[in-house]
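Below is one structure, written out as structure tokens; comments come after it.
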Protein chains: 2
Amino acid sequence: MDATPDPVAVRDTVQTGLDAGELVTVFGRCRVEYDGRASSTLGPGDRLLVLKPDGTALVHTDEGHQPVNWQPPGCEHEVRLSDGTLRIHSSRTTPEETLDVCFETVTAVNRYAVTDDSELSVSGTEADLRERVLESPSLVESGFEPRATERETAAGAIDIYGVDERGNAVVVELKRRRVGPDAVGQLDRYVTALRRESHDETTVRGLLVAPSVTDRASELLADRGLEFVALEPHS
Amino acid sequence: MDATPDPVAVRDTVQTGLDAGELVTVFGRCRVEYDGRASSTLGPGDRLLVLKPDGTALVHTDEGHQPVNWQPPGCEHEVRLSDGTLRIHSSRTTPEETLDVCFETVTAVNRYAVTDDSELSVSGTEADLRERVLESPSLVESGFEPRATERETAAGAIDIYGVDERGNAVVVELKRRRVGPDAVGQLDRYVTALRRESHDETTVRGLLVAPSVTDRASELLADRGLEFVALEPHS
DNA sequence: GCCTAGGTCCCGTAT
DNA sequence: ATACGGGGCCTAGGC
């Protein structure tokens with residue numbers, strides 16, 4: 001279905017594909033309206049609409065990683081033909097959100113029978129960094145002993161909780177990449193919470209473990225008496 | 001090109017489309033390898049590969065808003081045929097990253113000539129919330145007077161800086177949606193920085209303006225002597 | 001180029 | 001259902 005297809009055939013192809021649990025794409029000149037957490041309007045242009053069997057809708061232009069408009073998984077797609085123009089209406093609740101794509105012209109419609117049993121395996125994540133530290137705690141500092149991961153505080157969970165060679169409590173916040181001010185704020189919240197929950201005699205140190213740190217984050221660390229340790233997620 | 005196409009024709013179609021500045025999609029059974037800021041492997045499965053004229057690559061499965069693998073804009077796409085199988089290699093520098101998609105089978109290849117002159121118009125953003133406050137400062141509190149937006153401090157830019165009816169300095173941090181602990185940390189950084197940069201006599205208040213706030217964030221606000229004002233980005 | 005913060009962020013996990 | 005933090009986040013705007 002590639003050259004100026006008949007509108008009825010287009011609608012039927014999309015509907016049949018969706019009913020069959022296939023992935024359906026529509027390419028053509030369209031307008032897009034979105035309303036929900038925010039709202040948006042997009043004037044006419046050529047775009048690729050991707051409708052997935054899980055209820056995802058993606059509107060892709062010629063540029064950018066991000067779809068210009070979208071609907072997350074779990075939506076219901078409705079296909080209509082009004083005055084000979086194809087309209088796709090995709091909606092969900094909690095939150096209430098609607099996406100409307102109205103095609104002036106349809107250049108192509110395609111149905112794809114998709115099966116995918118493989119799972120993506122990623123390395124270089126924060127989890128890898130955590131394993132590295134747990135297996136070789138001295139990478140953080142000599143004498144460091146991890147005691148818990150995901151230890152809960154009033155401010156949230158500490159990535160790694162442990163003690164240093166002098167017996168001080170240590171809060172470790174891990175980041176897989178260069179850290180900015182936000183990570184310092186996070187570490188500070190955990191350290192402050194743990195100090196409040198500890199006996200007064202206990203010293204609580206805060207360590208930000210990441211490949212590198214920005215200047216401003218470094219200043220913030222110094223201000224709050226926190227420390228930085230350079231460490232990559234991979235060996 | 002829809003039914004079990006000839007490998008050479010597939011390669012030529014993809015290459016010709018890319019050369020022509022078109023958007024090209026390839027659907028089929030493939031494996032994907034990524035290496036760069038992290039690295040990943042994905043076993044065989046049916047996916048839709050989208051190659052954009054700006055150098056973006058997207059690998060979409062049957063599920064999810066997010067592509068399972070991708071390459072951001074600015075990459076170079078290379079198309080090869082080795083042992084009769086189609087291989088797409090997409091790479092960039094700074095950071096050095098590569099994406100390899102190897103097709104066992106190709107079900108369909110499509111070329112789309114895309115032009116899109118329209119710009120997306122969005123409302124309900126943080127910018128809208130800012131305009132609302134600047135036009136009606138009393139929505140924040142009676143007597144509030146905005147004096148600057150994006151006022152710089154050592155910790156970063158304050159969304160709205162102003163004074164209250166008593167002449168105290170006021171730091172306003174805006175969020176378009178319900179706020180959590182991270183927003184409190186952000187506001188706290190700005191308030192602390194401004195206090196340091198001000199004369200000691202000056203009182204600096206911190207206001208988090210957002211539709212709502214989580215319990216933990218509310219506690220953090222209280223701890224740090226900061227305040228919350230409920231306000232939606234739209235009227 | 002890096003830094004900073006916003007986003008209809010999405011997404012998984014825990015509560 | 002909400003909350004919280006990670007992400008190869010991406011993207012825009014400054015410097």
Side-chain angles (χ1 to χ4, degrees), chain A residues 32 34-40 56-59 63-74 92-99 120 122-127 129-130 150 152 155-159 173-183 185-186 189-190 212-218 233, chain B residues 34-40 56 58 63-74 92-99 120 122-127 129-130 150 152-153 155-159 173-183 185-186 189-190 212-218 233:
Chain A
V32 187
Y34 155 75
D35 193 58
R37 290 165 290 177
S39 58
S40 71
T56 300
L58 305 171
V59 182
E63 289 185 330
H65 164 104
Q66 301 270 166
V68 65
N69 278 117
W70 72 93
Q71 202 67 297
R92 66 163 177 163
T93 56
T94 33
E96 187 89 20
E97 291 196 297
T98 59
L99 180 74
L120 183 70
V122 191
S123 70
T125 64
E126 185 180 303
L129 178 55
R130 182 175 60 242
E150 301 298 312
E152 282 297 334
I158 295 168
D159 283 344
E173 174 63 27
L174 304 167
K175 292 294 170 192
R176 69 168 300 282
R177 60 172 184 166
R178 185 173 176 83
V179 288
D182 52 339
Q186 219 179 317
R189 294 203 306 273
Y190 303 148
S212 59
V213 59
T214 67
D215 288 350
R216 192 173 277 171
S218 194
Chain B
Y34 154 74
D35 193 60
R37 290 165 291 177
S39 58
S40 71
T56 300
L58 306 170
E63 290 184 329
H65 164 105
Q66 301 269 163
V68 65
N69 278 117
W70 71 92
Q71 204 66 297
R92 66 163 177 164
T93 55
T94 45
E96 187 89 21
E97 291 196 298
T98 59
L99 181 73
L120 183 71
V122 190
S123 69
T125 64
E126 185 179 304
L129 178 55
R130 182 175 59 241
E150 302 296 314
E152 283 297 337
T153 73
I158 295 167
D159 283 344
E173 174 62 27
L174 304 167
K175 292 295 172 193
R176 67 169 301 282
R177 60 173 184 167
R178 185 172 176 83
V179 287
D182 53 339
Q186 220 180 317
R189 294 204 306 274
Y190 302 149
S212 59
V213 60
T214 67
D215 289 349
R216 191 174 278 170
S218 194

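Just so you know, these numbers use all the heavy atoms, side chains as well, and skip hydrogens, waters and symmetry mates. Order of the sequence lines sets the chain letters (A, B, ...), proteins ahead of strands, with each chain counted from 1.
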If you compare all heavy atoms of [X] against all heavy atoms of [Y], which two are closest, and at what distance to 0.1 Å?
X: L174(A); Y: D159(A); value: N-OD2, 2.9 Å
X: T214(B); Y: P181(B); value: OG1-CD, 4.3 Å
X: N69(B); Y: Y34(B); value: ND2-CB, 3.7 Å
X: S218(A); Y: V213(A); value: N-CG2, 3.8 Å
X: P73(B); Y: G64(A); value: CG-CA, 3.9 Å

Are any protein N/O atoms closer than 3.5 Å to N/O atoms in nucleotides 2-5 of chain D? If there are, list each pair with its distance.
{"residue": "dA3(D)", "atom": "OP1", "partner": "R178(B)", "partner atom": "NE", "Å": "3.0"}
{"residue": "dA3(D)", "atom": "OP1", "partner": "R178(B)", "partner atom": "NH2", "Å": "2.2"}
{"residue": "dA3(D)", "atom": "OP2", "partner": "R178(B)", "partner atom": "NE", "Å": "2.7"}
{"residue": "dC4(D)", "atom": "OP2", "partner": "T214(B)", "partner atom": "OG1", "Å": "2.6"}
{"residue": "dG5(D)", "atom": "OP1", "partner": "R189(A)", "partner atom": "NH2", "Å": "3.3"}
{"residue": "dG5(D)", "atom": "OP1", "partner": "Y190(A)", "partner atom": "OH", "Å": "2.8"}
{"residue": "dG5(D)", "atom": "OP2", "partner": "R189(A)", "partner atom": "NH2", "Å": "3.3"}

Applying side chain to side chain contact (heavy atoms under 4.5 Å, CB included), run through L58(B) and H65(A) and close with a yes or a no. CA-CA 7 Å; L58(B) 306 170; H65(A) 164 104; 4.0 Å; yes

Taking OP1 and OP2 of [N], is either one under 4.0 Å from a side-chain nitrogen or oxygen of [X]?
X: R177(B); N: dC9(C); value: yes
X: R37(A); N: dC9(C); value: yes
X: W70(B); N: dC10(D); value: yes

Main chain of R37(A), side chain of R176(B): is a donor-acceptor contact present, judged purely on distance under 3.5 Å? yes

Donor-acceptor pair, distance only, cut-off 3.5 Å: does the side chain of T153(B) make one with the backbone of G156(B)? yes

Considering only atom C1', compute the distance from dA14(C) to dG8(D) and round it to an integer number of Å. 25 Å

Any base atoms under 4.0 Å from T125(A), or only sugar-phosphate, or nothing? Heavy atoms, all strands. sugar-phosphate

The correct list of stems in which DNA chain D takes part (3 or more consecutive Watson-Crick or G-U pairs, distances under 3.5 Å) is C:1-7 with D:9-15, C:9-15 with D:1-7

Can you name the atoms? Protein N/O to nucleotides 11-15 of chain C N/O, anything below 3.5 Å, with the distance.
{"residue": "dC11(C)", "atom": "OP1", "partner": "H65(B)", "partner atom": "N", "Å": "2.9"}
{"residue": "dC11(C)", "atom": "OP1", "partner": "Q66(B)", "partner atom": "N", "Å": "3.0"}

